[in-house]
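A quick write-up on the structure given underneath.
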Amino acid sequence: MRGISSSRVLWHWWTVVVAFVSLYFLTTLAAGMTMKYQIYEEDALSTVIGNLAKDMSLNISDGSKTNFRMMKQFNASFIRLREKDGQLTIGERIDREKICKHTMQCLISFDVVSISNEQFKLIHIEVEVKDINDHAPEFPRKESTLEISENSVLGTRIPIDVAMDEDVGSNSIQSYQISVNSHFTIDVLSRADGIKYAELMLMTELDRETHASYVLELVATDGGNPSRSSSTKIYVKVKDFNDNSPVFERNSFSVDILEDAPVGLLLVDFNAVDSDEGLNGEVVYGFGNQVPSEIRHRFSVDRKSGQLMLESPIDFESKKTYEFDILASDLGPNPSPSICKVVVRVQDVNDNAPEITITPMTSVTAGIAYITEAAAKESFVALVTVADKDSGANGDIHCTLYGHNHFKLQQAYEDSFMIVTTSPLDREKIAEYNLTVVAEDLGSPPFRTIKQYTIRLSDENDNAPVFSKPVFEVSLMENNAPGAYITTVVARDLDKGQNSKISYKLLDTYIIGSPVSTFVSLDPATGSLYALRSFNFEVLKQLQLRIQASDIGLPQLQGSAIINLKIVDQNDNAPSITQPALINNSAEVLLPKDAPSGYVITQVHARDADEGVNAELSFRISEGVASVFSINRATGEIYLNHELSYEVYENLRITVTVSDNGTPSLTTAVTINFIIAGSLPRDRNVFRNKIDEETQEGDSIIIIVVLAGSCTLLLLAIIIIATTCNKRKVDNRGHSHSGKEDAMRQIKIWKGTSYATISAGEPHKDSGIGDSDFNDSDSDISGDGLRKDDHQNNVQNGLWACTSECKILGHSDHCWSPTASRINCNLAHSFAKTGSLPRDTLRRENYNQAHIPKTVGLQSVCEKTQHWEINHSHLCQIETLSKPNNPLSKCHSDDKMIPTCII
């Protein structure tokens with residue numbers, strides 16, 4: 001330590017040891033432990049101040065894992081702390097005059113947390129910085145000038161500059177000395193704040209005419225060891241005298257003023273009296289020459305009235321006393337001023353609210369403290385320090401903590417409190433606490449300060465990942481592409497940060513003897529499941545997968561779930577026919593030639609490897625003589641619709657198509673060749689079952705309803721046409737004709753989609769339309785409808801006759817002729833057109849053709865034509881009437897005119 005003798009060093013260390021011993025016993029009984037040390041300013045860096053482990057008698061070699069941590073504060077950089085044993089050393093240069101200016105005691109206070117087995121203890125450290133004499137006294141001016149009247153009385157005091165020393169105590173100014181002279185001396189005094197100053201005093205009468213000026217040297221010396229000093233020169237001018245000086249009523253005034261006093265308040269009303277007359281007796285007032293500018297800014301004195309008033313607000317917390325001189329002088333020549341000393345004492349009022357400072361043990365963000373959720377009960381979280389600039393009851397503070405009962409305030413020392421835990425913490429339940437610290441002083445009225453503070457819990461890995469449900473049901477269509485996406489499973493971890501990051505994996509299992517990893521893959525980052533192969537429902541219908549989710553915390557925690565992956569059937573298998581036996585996708589089936597209608601010939605059996613609707617089969621006849629055979633759609637039984645005729649023995653073949661009910665539907669076709677065999681066995685049940693008959697009966701009813709409706713519309717049309725024909729016939733009978741007339745009669749015939757006219761007397765020509773629709777299979781009045789029951793009647797009445805011209809021209813229409821000589825030709829021509837088998841009147845029950853009822857109008861028209869004398873050589877011309885409103889074509893003959901007949 002610089003500038004300190006060895007004896008002083010020994011005394012210093014002895015005081016430190018005594019302080020350690022006394023403090024140890026005193027502080028261990030307090031709620032918060034306080035350790036006090038002493039150092040000198042300007043001590044070298046890394047100087048050891050103390051060791052907390054030793055000073056607190058802590059044994060850190062027993063495996064307790066004790067360490068120390070400094071709470072960050074504004075002056076903590078001056079002191080360094082070694083965390084393993086709590087050794088305190090000087091961290092940077094300490095200048096006491098900068099830290100604690102003009103204060104007798106200078107303390108560096110900070111807090112240290114002792115951490116031992118998750119237990120946190122707060123230690124308050126106070127390091128007293130002792131002053132060394134490193135500053136010399138200093139005058140504000142190196143030289144000054146004073147004036148004094150030659151007639152000044154002995155003992156006259158003249159204020160001079162006051163020297164200042166930044167050191168305190170014994171190192172501050174202790175004495176003043178003035179150079180040797182014959183007239184002046186100094187008187188050393190002390191101010192209210194303890195600073196010593198000197199006043200110049202007249203010891204011998206002056207005679208300006210003998211000695212007009214004096215040069216004095218004033219020296220100020222401090223009490224340091226070694227001492228330091230400083231000097232200033234004073235030039236004293238002797239002025240001619242003004243006999244009398246103003247006289248104050250009192251030599252000093254003391255004034256008490258509240259710190260919240262208003263500006264302009266009158267403090268003192270000075271009244272100095274000068275017994276002289278005229279200008280020598282007129283008194284003016286002012287501040288002394290040595291009054292600093294700060295006082296001149298705070299106070300003002302009226303030059304004439306001498307009223308001292310408050311010029312600007314004052315603050316008790318900034319300065320408690322003001323001391324200055326007021327001068328009163330006359331306006332005469334060589335005035336001799338009088339001095340009155342004024343002391344203003346500022347009284348405290350409760351004008352400052354308490355200040356709250358919260359210092360967390362661990363903090364990353366301002367205003368937020370962090371503590372692990374695994375902290376034990378009574379663990380230290382943050383230090384709360386309250387302060388009030390006021391004094392007395394105005395500075396006494398009551399502190400309270402609000403927000404949650406998981407934390408409480410515990411007094412550490414004086415106006416410092418600790419926020420400690422009261423119960424175990426759980427971040428997953430409450431991650432953040434918003435606390436409120438309220439500090440209220442005891443002034444009147446009291447001031448209150450409220451500060452919000454946040455405590456966040458740091459996470460510990462105490463929660464395992466959890467899936468949303470223990471079992472996931474997932475489906476995948478078979479025949480998927482390898483790499484197809486299946487599903488994504490997600491697990492949640494209530495922890496935070498690294499403790500909540502989850503990775504997924506498949507647990508090792510075997511499926512059909514192979515590892516599960518050869519069937520599916522799992523993205524470890526996202527939990528997405530993908531197929532590694534194409535699945536076949538017919539081989540593997542379901543997979544059970546076990547998935548594990550793991551976090552990356554310490555210790556690592558896991559959770560698992562099961563995925564039931566169901567393979568969904570796809571219609572990827574066509575039906576296969578198992579019966580009858582197939583050769584080249586065809587089969588031969590025996591059919592008795594005398595099999596009756598409804599005879600069950602065979603049954604087609606088929607199966608489908610798919611399931612559900614994809615395996616529901618239906619049967620139908622897609623090709624072949626469907627009129628002869630029918631099939632049960634559900635069972636595949638093939639029936640005979642009617643008895644066989646000898647003409648149909650050849651080429652009895654059908655194609656049966658078997659279809660499933662999938663989407664899209666798949667089909668299989670088989671060709672069945674029927675071989676006509678001998679007679680039907682008598683002991684065989686040859687008829688379809690009752691259910692099939694009901695199904696057939698239902699189909700027949702639908703056909704009959706449709707045909708009945710069509711026949712009704714056709715009957716209505718024929719009645720309208722017949723009525724028109726009758727009206728025209730009556731009109732023709734009322735007329736007489738002679739010779740050959742050009743007017744020609746027409747026969748109009750309906751051909752299904754248009755009309756055809758037959759004109760008499762003209763050669764029979766092709767109409768240009770092709771074959772007539774009269775005998776086509778889709779004609780409404782062709783085929784069996786006219787040939788069935790009415791066939792023999794028509795032959796007897798001569799209504800059907802075919803001319804040789806019709807055959808030559810290739811017409812299949814039935815030409816009207818009055819004779820029946822060509823009936824056989826017409827019938828043969830009709831059979832050749834329709835392809836129908838010859839009628840067998842004895843087996844008519846085997847046919848189920850539609851019956852068209854006979855109409856009276858049609859029969860009457862046809863019968864009338866038998867009486868007309870028409871030459872067979874006349875040909876009929878047929879013209880198609882494409883529109884119903886076309887004019888009727890005329891039928892001409894050489895000598896006869898045929899009446900018009902409209903059917």
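Model, not experiment: these values are computed from the prediction. Heavy atoms only: backbone and side chains are in, while hydrogens, waters and symmetry mates are out.
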Side-chain donor-acceptor pairs under 3.5 Å in residues 526-533, sequence neighbours left out?
from	atom 1	to	atom 2	distance (Å)
T526	OG1	D523	OD2	3.4
T526	OG1	S528	N	3.3
T526	OG1	S528	OG	3.1
S528	OG	T488	OG1	2.9
R533	NE	T518	O	3.4

Review point. When you look at T454 and L435, which way does the side-chain contact (heavy atoms from CB on, under 4.5 Å) test go after all the steps?
Key: CA-CA 6 Å; T454 300; L435 305 181; over 6 Å; no
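- P360 approaches A382 most closely through the heavy-atom pair CA-CB, 3.7 Å.
- The OG atom of S534 sits 8.0 Å away from the CD atom of E478 when rounded to the nearest 0.5 Å.
- At least one side-chain heavy atom of V589 sits less than 4.5 Å from a side-chain heavy atom of I601.
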Point to revise | Worked verdict on L543 versus F535 for side-chain contact (heavy atoms from CB on, under 4.5 Å) | key: CA-CA 11 Å; L543 294 82; F535 291 100; 3.9 Å; yes
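- A search for side-chain hydrogen bond (donor to acceptor under 3.5 Å, both in side chains) contacts involving K541 returns nothing, not counting sequence neighbours.
- A 4.5 Å side-chain heavy-atom check between Q603 and Q579 finds every atom pair outside the cut-off.
- When all heavy atoms are compared, the tightest approach of I672 to I638 is CD1-CD1, 3.5 Å.
- Residues F467 and V490 share a closest heavy-atom pair of CD2-O, 3.8 Å.
- More than 12 heavy atoms of other residues, nucleotides or ligands sit less than 6.0 Å from atom CG of N405.
- A donor-acceptor contact shorter than 3.5 Å links the side chain of R427 to the backbone of L494.
- Around the CD1 atom of I675, the shell of radius 6.0 Å holds more than 12 heavy atoms that belong to other residues, nucleotides or ligands.
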Review point. Between F407 and Y433, is a ring pair (Phe, Tyr, Trp, His ring centres under 6.0 Å) present by the stated rule, with each step listed?
Key: CA-CA 9 Å; F407 300 90; Y433 294 86; 4.8 Å; yes
Please tabulate, for side-chain N and O atoms in residues 661-669, each donor-acceptor pair with protein atoms closer than 3.5 Å (sequence neighbours left out).
from	atom 1	to	atom 2	distance (Å)
N661	ND2	E616	OE1	3.4
S665	OG	D660	O	2.7
S665	OG	D660	OD1	3.4
T668	OG1	P575	O	2.4

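- Remark: the backbone N or O of H605 is paired with a side-chain donor or acceptor of T578 at under 3.5 angstrom.
- The CD atom of E473 lies 10.0 Å from the CD1 atom of I562; values are rounded to the nearest 0.5 Å.
- Pairs of residues two or more places apart, or lying in two chains, never qualify as ring-ring contact (aromatic ring centres under 6.0 Å, His included) while including a residue from residues 493-528.
- Side-chain atoms of H404 and N434, non-hydrogen and from C-beta on, never get closer than 4.5 Å to each other.
- Take A609 and apply the side-chain contact (heavy atoms from CB on, under 4.5 Å) test, not counting sequence neighbours, and it matches E538, N573.
- Taking the side chain as every heavy atom from C-beta outward, V656 and R620 never approach each other to under 4.5 Å.
- Taking OG from S379 and CD1 from I419, the interatomic distance works out to 13.5 Å, rounded to the nearest 0.5 Å.
- Side chains of L476 and V568 form no contact here, defined as non-hydrogen atoms less than 4.5 Å apart.
- Contact between L557 and P465 at its shortest, heavy atoms only, is O-CD, 3.4 Å.
- Considering CG of D462 and CG of D426, their distance stands at 6.0 Å, rounded to 0.5 Å.
- Using a 4.5 Å cut-off on side-chain heavy atoms (C-beta onward), D459 and E373 make contact.
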Check your understanding: Between N536 and L540, does a side-chain contact (heavy atoms from CB on, under 4.5 Å) hold up when you go through it step by step?
Key -> CA-CA 6 Å; N536 188 348; L540 182 62; over 6 Å; no
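- For the residue pair L582 and A587, the shortest heavy atom distance occurs at CD2-CB, 3.8 Å.
- The aromatic ring centroids of F629 and F674 lie less than 6.0 Å from each other.
- Remark: D493 engages no residue in a salt bridge (Lys or Arg N to Asp or Glu O under 4.0 Å) (not counting sequence neighbours).
- Closest heavy-atom contact between S550 and Q548: OG-OE1, 3.6 Å.
- Side chain of S521 to main chain of S517: no donor-acceptor pair is present (N/O by atom type, distance under 3.5 Å, no hydrogens or angles).
- Taking OG1 of T602 as the start and CD of E588 as the end, the distance is 12.5 Å to the nearest 0.5 Å.
- A donor and an acceptor atom, one from each side chain of S622 and T657, are located under 3.5 Å apart.
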Exercise for review: Determine, stepwise, if the pair I368 / I455 fulfils side-chain contact (heavy atoms from CB on, under 4.5 Å).
Suggested key: CA-CA 6 Å; I368 300 176; I455 297 177; over 6 Å; no
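- No side-chain heavy atom of D551 sits under 4.5 Å from any side-chain heavy atom of K501.
- Under the 3.5 Å distance criterion, with hydrogens and angles disregarded, a donor-acceptor pair is assigned to the side chains of E460 and T372.
- The closest side-chain heavy-atom distance from V489 to I547 is below 4.5 Å.
- For the atom pair L565 CG and I567 CD1, the distance stands at 4.5 Å (nearest 0.5 Å).
- Counting only N and O atoms by type, the side chains of D495 and N463 include a donor and acceptor under 3.5 Å apart.
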